[in-house]
Amino acid sequence: MGKEAKKVNLKVLVAALGVENIKIIDPLDQKATRSAIKEELAKDGPSVIIAQRPCALFKRANIKAKLALKVDQEKCEGCKMCLDLNCPPISWKKGITKEGSKRKGVSFIDGTICNGCGLCEQVCKFGAIS
Ligand code: SF4
Ligand code: SF4
C-alpha cells in the first residue's frame with residue numbers, strides 16, 4: 001500500500017516455533033533449491049525452507065528489467081519441461097515438427113511479459129532458451 005512497515009524476519013519467526021532445521025534459498029537457483037529440498041527431506045523432524053527473493057512483479061516495477069528470454073525453435077525438442085514452471089509468458093505452439101525429432105510442437109516466450117529471471121533457461125536440458 002506504499003506505507004513503510006517493519007520487515008518480518010521469517011527465520012526468527014520459524015525458530016520461535018521450535019523448528020531447528022531452517023534453510024534460506026534463492027528460488028531462482030534451481031540447483032541449490034533442489035539440493036536444499038533433498039537435504040531437508042532426509043532429516044528427521046520438521047524443516048522449513050525459506051525461498052527469499054523479491055516478488056517478480058515488484059522487480060518489474062522497480063528495477064530495470066533484464067532482457068526477455070526467447071526459445072530457439074531449432075533447438076527446442078518440445079519436452080515441455082519449461083511449461084511445468086507455469087510461468088505466464090511461456091506457452092505452447094503445437095504442430096511445429098522437426099526432421100529427426102519426435103517433437104509435436106515448441107515452446108514460446110512472450111517477451112513483453114518475461115522479466116528475464118532465467119528460471120526456464122536452467123530447466124531446459126537442450127539449451128533452447130537464452
Ligand atoms: S524445456 Fe527447452 S526443449 Fe523443452 S519445450 Fe521448453 S524450450 Fe523446448
Ligand atoms: S525468464 Fe523467467 S519470467 Fe521469463 S519466461 Fe523464463 S521463467 Fe518466465
Side-chain angles (χ1 to χ4, degrees):
M1 302 301 289
K3 290 178 193 160
E4 284 204 16
K6 259 194 180 171
K7 188 175 175 181
V8 177
N9 187 329
L10 290 178
K11 193 175 179 186
V12 171
L13 191 65
V14 172
L17 296 172
V19 177
E20 287 171 8
N21 302 320
I22 307 167
K23 203 162 258 177
I24 298 177
I25 51 113
D26 176 356
L28 292 188
D29 184 339
Q30 279 270 300
K31 220 171 171 183
T33 302
R34 282 174 193 273
S35 74
I37 293 170
K38 214 169 160 185
E39 272 173 37
E40 296 310 312
L41 282 174
K43 289 178 185 168
D44 287 330
S47 293
V48 170
I49 299 173
I50 300 167
Q52 192 168 274
R53 187 163 257 272
C55 166
L57 298 178
F58 175 83
K59 195 175 160 191
R60 279 177 72 85
N62 295 280
I63 302 170
K64 205 175 168 198
K66 284 196 224 162
L67 283 180
L69 270 65
K70 58 183 176 188
V71 177
D72 181 333
Q73 296 203 345
E74 279 306 305
K75 290 184 181 170
C76 177
E77 287 296 329
C79 69
K80 294 187 174 179
M81 284 295 285
C82 55
L83 289 162
D84 283 348
L85 291 171
N86 291 314
C87 181
I90 308 176
S91 58
W92 180 248
K93 277 185 186 171
K94 65 177 178 182
I96 303 176
T97 53
K98 183 167 74 168
E99 220 179 292
S101 166
K102 285 181 184 165
R103 84 174 188 196
K104 294 190 168 73
V106 291
S107 282
F108 170 79
I109 294 174
D110 179 349
T112 60
I113 50 172
C114 166
N115 70 9
C117 74
L119 202 51
C120 55
E121 189 180 12
Q122 294 177 60
V123 161
C124 181
K125 291 191 171 77
F126 300 95
I129 301 176
S130 59

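Model, not experiment: these values are computed from the prediction. Both ligands and their constituent atoms are indexed starting at 1 by order of listing. One-based numbering along the sequence shown.
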Counting distance only, does the side-chain N/O of Thr33 pair as donor-acceptor with the main-chain N or O of Asp26 below 3.5 Å? yes
Would you mind listing which atoms of ligand 1 come within a distance below 4.0 Å of any non-hydrogen atom of Glu77? 3 (S), 8 (Fe)
Taking side-chain contact (heavy atoms from CB on, under 4.5 Å) as the test, write out the residues that go with Arg103, two or more places apart. Cys76, Ile96, Lys98, Ser101, Val106
Where is the tightest heavy-atom contact between Glu121 and Ser130, given as atom of each residue plus distance? OE2-CA, 4.0 Å
Total protein N/O/S atoms whose distance from atom 2 (Fe) of ligand 2 is less than 2.8 Å: 1
In Å and rounded to the nearest 0.5 Å, what is the OG to CD distance from Ser47 to Glu39? 10.0 Å
Can you tell me which residue and heavy atom of the protein come closest to atom 6 (Fe) of ligand 1, and the distance to 0.1 Å? Cys82 SG, 2.3 Å
Numbering the atoms of ligand 2 from 1, which are under 4.0 Å from a heavy atom of Ile90? 5 (S)
When clusters are formed by joining ILVMFWY residues with side-chain heavy atoms under 4.5 Å apart, either directly or through shared neighbours, do Phe126 and Val71 land in the same one? no
Could you list which atoms of ligand 1 come closer than 4.0 Å to a heavy atom of Lys80? 4 (Fe), 5 (S)
Enumerate, atom names and distances included, each donor-acceptor pair closer than 3.5 Å involving a side-chain atom of residues 82-93, sequence neighbours excluded.
none

Which of the atoms of ligand 1 are close to Phe126, meaning less than 4.0 Å from one of its heavy atoms? 3 (S)
Distance filter under 4.0 Å to Cys79 heavy atoms, resulting ligand 1 atoms: 1 (S), 3 (S), 4 (Fe), 5 (S)
For atom NZ of Lys43, is the number of surrounding heavy atoms from other residues, nucleotides or ligands below 6.0 Å larger than 12? yes
If we number the atoms of ligand 1 from 1 as shown, the ones under 4.0 Å from a heavy atom of Cys76 are 3 (S), 5 (S), 7 (S), 8 (Fe)
Does Ser107 approach ligand 1 within less than 4.0 angstrom via side chain, backbone, both or neither, non-hydrogen atoms only? side chain
Taking the side chain as every heavy atom from C-beta outward, state whether Asp29 and Lys31 have any pair of such atoms under 4.5 Å apart. yes
For residues 7-17, dump all side-chain donor-acceptor pairs below 3.5 Å to protein atoms at least two apart in sequence or in another chain.
unit_1 : atom_1 : unit_2 : atom_2 : d
Asn9   : OD1    : Lys11  : N      : 3.2
Asn9   : OD1    : Val12  : N      : 3.2

Look up atom SG in Cys124 and atom CD in Glu77, then write down how far apart they are to the nearest 0.5 Å. 9.0 Å
Would you say that Ile37 contacts Arg34 through its side chain, given a criterion of any heavy-atom pair below 4.5 Å between the two side chains? no
Protein contact of atom 2 (Fe) of ligand 1 - nearest heavy atom, named by residue and atom, plus distance: Cys124 SG, 2.4 Å
Under 4.0 Å from any heavy atom of Ile129, which atoms of ligand 1 are there? 7 (S)
